[in-house]
J.: 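Okay, here's the structure, questions in a sec.
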Amino acid sequence: MTRVAADEPTDSLDALGAALAAAWRGRPRFVMLDDRFDGGARFLRCLQAWRADPHRCAQLHVITVSTDIPDGCTAAELVAEIGDTWPPITPNLHRLAFDGGQVQWLLVPMAWRAALRELTAVVDVFALGQPLERDANASRHAAKALVRLARVGSQVWLGAASGTDADAMRSTGFTQEASAFERWRYAPTFVPRRGPSRRSTCSPESAPVLVIGAGVAGCAVAWALAEQGRDSVLFERHGALAMEASGNPAGLFHGIVNPQDGAHARFNRAAALEAQRAVAIALARHGTPGSAQGLLRLENDDDALPSMQETLRRLALPPAYVQALSASEASDHVGLTLHRPAWWYPGGGWVQPAGLARSFIERAGRRAALRTGCAVEALTREPEGWALRDAAGHCLATSETVVLANAGDALRLLRPWMPAAAPDAWPLQSLRGQISLARLSELGTLQLPRVPITGSGYLLPPVEGFALFGATSQPGDADPAVRDSDHQHNLEQLSRLTGKTLEMDTTRLTGRTGWRWVTDDRLPVLGAVPDRAQALGMVRLEQPAQVPRLPGLYACTGFGSRGITWAALAAQITASSITGAPMPIEAHLLDSVDAARFAVREATQRARHAD
């Protein structure tokens with residue numbers, strides 16, 4: 001679509017609010033896609049109109065697509081409300097929530113055509129400030145791009161009345177309506193062809209979602225569902241939340257920079273920005289121990305600084321997200337003498353995982369119920385939905401929708417529903433990790449940093465009178481004991497990290513062991529659970545959206561050591577998979593974390609062998 005100047009009624013902010021009030025009346029969810037940013041003024045008017053309307057929709061999602069977003073928000077009232085939560089505009093989608101999540105603003109700093117390819121949403125109104133392409137072929141392609149995101153009844157509001165190719169609109173199913181401004185409604189006379197959906201079968205909006213596991217992942221899912229208007233019940237086998245991998249006294253969160261900027265780096269970048277906001281709320285509102293004042297990641301190469309700076313320039317990553325520092329600059333940030341360049345993540349830091357989990361539950365409020373001491377031993381399919389059963393076979397609860405947020409134990413629960421040839425739903429592996437803790441009085445001349453340092457191992461600022469450092473990573477090790485040999489390993493990592501030879505008696509150290517579950521591609525497992533048995537019988541599977549799903553089963557697992565960083569974004573993706581709300585990440589990135597991606601990989605391997 002070409003951009004042209006326009007001064008039609010929908011360009012008026014008052015007219016925009018009035019038009020929206022008529023369109024969203026009484027709806028449970030309303031999604032608007034707007035191609036004008038105007039320093040945030042247009043979103044502010046939508047927010048004001050929603051707040052003032054007694055007949056408003058229950059959930060409002062505004063998607064703003066504009067290359068002007070990196071210029072920043074300048075609408076004074078909105079700036080005051082957003083405060084410090086305005087994100088550094090990296091090449092990602094950025095989600096901001098208002099009014100307890102009932103209003104969500106998805107910022108898409110992309111060119112229009114690219115954005116339409118990357119969005120996963122069902123849009124009720126397209127509020128566009130330009131006509132369709134004047135070239136007939138280009139106009140038809142543009143109209144088809146709108147159709148991909150539209151439902152029957154979706155409207156297109158054009159602020160410019162001239163230049164729209166009416167034939168292109170009509171040929172793709174749009175009908176022009178009488179209006180003071182140019183308006184079209186999607187009302188096809190044919191059955192629209194739709195691409196395959198990532199969603200499982202839809203559950204009643206009023207039914208609670210059952211979440212198995214109340215670590216950081218499960219608690220984050222409850223919060224994300226609450227923001228999207230859904231109730232949940234969490235089932236935790238221990239007597240309190242966050243008792244397993246989320247039970248460490250502290251953990252880190254930060255982004256990643258990689259010269260290739262692959263899926264791992266891009267997902268971590270988006271997740272770190274969402275984590276920063278979640279941790280800030282946990283610290284400020286819920287008294288969670290931690291800090292979001294930055295994190296330093298040391299490079300292994302003493303001469304890496306020029307290549308680091310070139311990577312930042314090429315990837316156009318803003319300094320509010322990450323900076324490349326010399327050894328002396330890095331030393332100034334942490335208050336220690338360092339000898340290697342480092343990545344500085346201003347929004348990174350550390351937090352107590354259990355406190356973050358509690359923060360998510362408290363933010364979910366009455367929409368989340370927690371049942372501790374309830375071990376789910378089996379999942380059975382009943383006429384009324386999925387039944388969660390205990391060791392005696394008694395039914396704990398039933399629902400059409402269940403989320404598996406219980407790390408590797410999800411594999412056990414899913415095995416009855418997997419084919420004998422592929423009994424595990426995903427290639428998850430257990431990694432044993434041990435952290436070490438030393439009383440501050442045992443540190444000798446070692447100073448602790450002002451902010452966390454990571455690289456070869458990690459070291460935190462003082463945590464409740466202790467120095468915390470580590471950690472080991474041992475696949476297939478089920479030993480729960482805290483071992484002196486692992487303390488020695490952690491001390492050696494600490495020496496490499498700080499550049500100092502450390503002499504500590506390992507018998508005077510304490511520690512904690514835990515198990516992290518990782519996929520072989522080191523990305524999480526999110527969304528509707530694949531029907532592996534059905535997928536094995538399919539000749540061609542080329543993308544995760546084509547994989548059939550088990551009805552009503554979803555996953556939010558495989559976090560590895562990135563639970564704090566990934567939890568908030570992963571939970572929002574999982575919740576959107578259930579509710580149909582706009583996805584907060586790009587479509588091609590969603591493929592990289594989709595729970596069905598391994599079924600596609602296996603199908604590709606079968607096809608190669610067949611050839």
Side-chain angles (χ1 to χ4, degrees), residues 215-217 237-254 288-291 295-298 334 336 349-358 407-408 429-449 451-518 559-565 567:
V216 169
R237 62 186 175 185
H238 295 287
L241 57 78
M243 294 292 288
E244 295 193 19
S246 300
N248 281 349
L252 307 178
F253 62 97
H254 59 93
T288 302
S291 170
L295 176 143
L296 204 66
R297 183 174 181 84
L298 292 176
V334 298
L336 303 177
W350 70 274
V351 70
Q352 182 195 71
L356 180 60
R358 282 192 296 271
Q429 179 185 37
S430 171
L431 296 178
R432 177 189 178 277
Q434 178 178 312
I435 61 170
S436 298
L437 294 136
R439 292 191 178 277
L440 298 183
S441 58
E442 301 286 334
L443 297 182
T445 60
L446 177 65
Q447 288 182 285
L448 293 187
V451 297
I453 308 175
T454 183
S456 175
Y458 59 81
L459 175 64
L460 270 66
V463 178
E464 297 182 348
F466 285 87
L468 190 158
F469 55 96
T472 61
S473 180
Q474 296 132 336
D477 189 337
D479 181 12
V482 174
R483 303 188 296 225
D484 282 352
S485 58
D486 287 355
H487 283 320
Q488 186 59 46
H489 170 86
N490 290 340
L491 284 171
E492 290 169 1
Q493 285 195 132
L494 185 58
S495 293
R496 289 192 292 271
L497 193 68
T498 61
K500 293 187 176 183
T501 301
L502 302 172
E503 299 292 340
M504 289 189 192
D505 184 354
T506 58
T507 63
R508 299 180 67 83
L509 298 177
T510 58
R512 186 178 186 275
T513 57
W515 287 266
R516 305 181 294 271
W517 288 83
V518 298
F559 287 11
S561 61
R562 294 272 175 181
I564 294 172
T565 303

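Please read all numbers here as calculations on a predicted model, not as lab measurements.
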J.: Around Arg439, counting heavy atoms of other residues, nucleotides and ligands shown, do more than 12 lie under 6.0 Å from its CZ?
T.: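 Open: at most 12 neighbouring heavy atoms sit under 6.0 Å from CZ of Arg439.
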
J.: So which heavy atom on Trp517 is nearest to which on Ala407, and how close?
T.: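 So the minimum-distance heavy-atom pair works out to CD1-CB, 3.7 Å.
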
J.: Donor-acceptor pairs are to be reported for all side-chain atoms of residues 460-476 against protein atoms at under 3.5 Å, with residues two or more places apart or in another chain.
T.:
from	atom 1	to	atom 2	distance (Å)
Thr472	OG1	Gln434	N	2.8
Thr472	OG1	Gln474	OE1	3.4
Gln474	OE1	Arg432	NH1	2.8
Gln474	NE2	Asp486	OD1	3.0
Gln474	NE2	Asp486	OD2	3.4

J.: Can you tell if the side chain of Leu491 reaches within under 4.5 Å of the side chain of Ser436, non-hydrogen atoms only?
T.: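 No; the side chains remain at least 4.5 Å from each other.
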
J.: Might you point out which heavy atoms bring Val351 and Leu356 nearest each other, and give the distance in Å?
T.: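 That would be CG1-CD2, 4.3 Å.
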
J.: Please list, chain by chain and in numerical order, all residues satisfying side chain to side chain donor-acceptor pair (under 3.5 Å) with Arg358, sequence neighbours excluded.
T.: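 For Arg358 the side chain to side chain donor-acceptor pair (under 3.5 Å) partners, ignoring immediate neighbours, are Gln352.
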
J.: With rounding to the nearest 0.5 Å, note down the distance linking CG in Leu459 to CG in Leu336.
T.: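 Separation between the atoms: 7.5 Å.
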
J.: Do Leu448 and Leu440 have side chains that get closer than 4.5 Å, going by heavy atoms?
T.: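 A side-chain contact exists here, since the closest heavy-atom pair is under 4.5 Å.
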
J.: Measuring from Leu502:CG to Gln493:CD, what's the distance to the nearest 0.5 Å?
T.: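 Going from CG on Leu502 over to CD on Gln493, the span is 12.0 Å.
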
J.: Do you know the tightest heavy-atom contact between Gly251 and Pro353?
T.: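 Shortest heavy-atom contact: N-CD, 4.1 Å.
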
J.: State whether the side chain of Ser495 and the backbone N or O of Lys500 hold a donor-acceptor pair below 3.5 Å, judged by distance alone.
T.: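 Looks like yes, one N/O pair under 3.5 Å.
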
J.: Just one of Thr498, Leu252, Leu298, Leu295 clears the side-chain contact (heavy atoms from CB on, under 4.5 Å) bar with Ile453, so which one?
T.: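 Looking at Thr498, Leu252, Leu298, Leu295, the match for Ile453 under the side-chain contact (heavy atoms from CB on, under 4.5 Å) is Leu298.
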
J.: Closest heavy-atom contact between Phe559 and Ala567?
T.: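 Nearest heavy atoms, Phe559 then Ala567: CE2-CA, 3.7 Å.
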
J.: Would you say the side chain of Pro249 lies within less than 4.5 Å of the side chain of Leu437, judging by non-hydrogen atoms?
T.: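 Leu437 vs Pro249: side chains touch.
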
J.: Report yes or no: does Trp350 contribute a side-chain atom to a donor-acceptor pair with the main-chain N or O of Pro289 at less than 3.5 Å?
T.: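 Answer holds: no.
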
J.: Would Asn490 and Leu509 count as a side chain to side chain contact (heavy atoms under 4.5 Å, CB included) if you check the C-alpha gap in whole Å, the side-chain angles of each, and the deciding distance to 0.1 Å?
T.: CA-CA 11 Å; Asn490 290 340; Leu509 298 177; over 6 Å; no

J.: Which residues pass the side chain to side chain donor-acceptor pair (under 3.5 Å) test with Gln429, not counting sequence neighbours?
T.: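 For Gln429, no residue satisfies side chain to side chain donor-acceptor pair (under 3.5 Å) once neighbours in sequence are set aside.
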
J.: With Arg508, which residues qualify under side chain to side chain donor-acceptor pair (under 3.5 Å), at least two apart?
T.: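 Per chain and number, Arg508 pairs via side chain to side chain donor-acceptor pair (under 3.5 Å) with Glu442.
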
J.: Which of these, Arg237, Arg516, Arg512, sits in a salt bridge (Lys or Arg N to Asp or Glu O under 4.0 Å) with Glu244?
T.: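 Per the salt bridge (Lys or Arg N to Asp or Glu O under 4.0 Å) rule, the option paired with Glu244 is Arg237, out of Arg237, Arg516, Arg512.
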
J.: Got a donor-acceptor contact below 3.5 angstrom from the Ser246 side chain to the Val216 backbone?
T.: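 Confirmed, Ser246 side chain pairs with Val216 backbone.
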
J.: Could you give the distance from CD (Glu492) to CD (Gln488), rounded to the nearest 0.5 Å?
T.: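 Reported to 0.5 Å precision, the distance equals 5.0 Å.
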
J.: Sequence neighbours left out, what passes side chain to side chain contact (heavy atoms under 4.5 Å, CB included) with Thr507? Give chain and number order.
T.: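 Only Asp484, Asp505 meet the side chain to side chain contact (heavy atoms under 4.5 Å, CB included) criterion with Thr507.
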
J.: Side chains of Val451 and Val334, heavy atoms from C-beta outward: is any pair under 4.5 Å?
T.: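 Val451 reaches Val334 side chain to side chain.
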
J.: Suppose we screen for ring pair (Phe, Tyr, Trp, His ring centres under 6.0 Å). Which residues come up paired with His487, at least two apart in sequence or across chains?
T.: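 For His487 there are no ring pair (Phe, Tyr, Trp, His ring centres under 6.0 Å) partners, ignoring immediate neighbours.
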
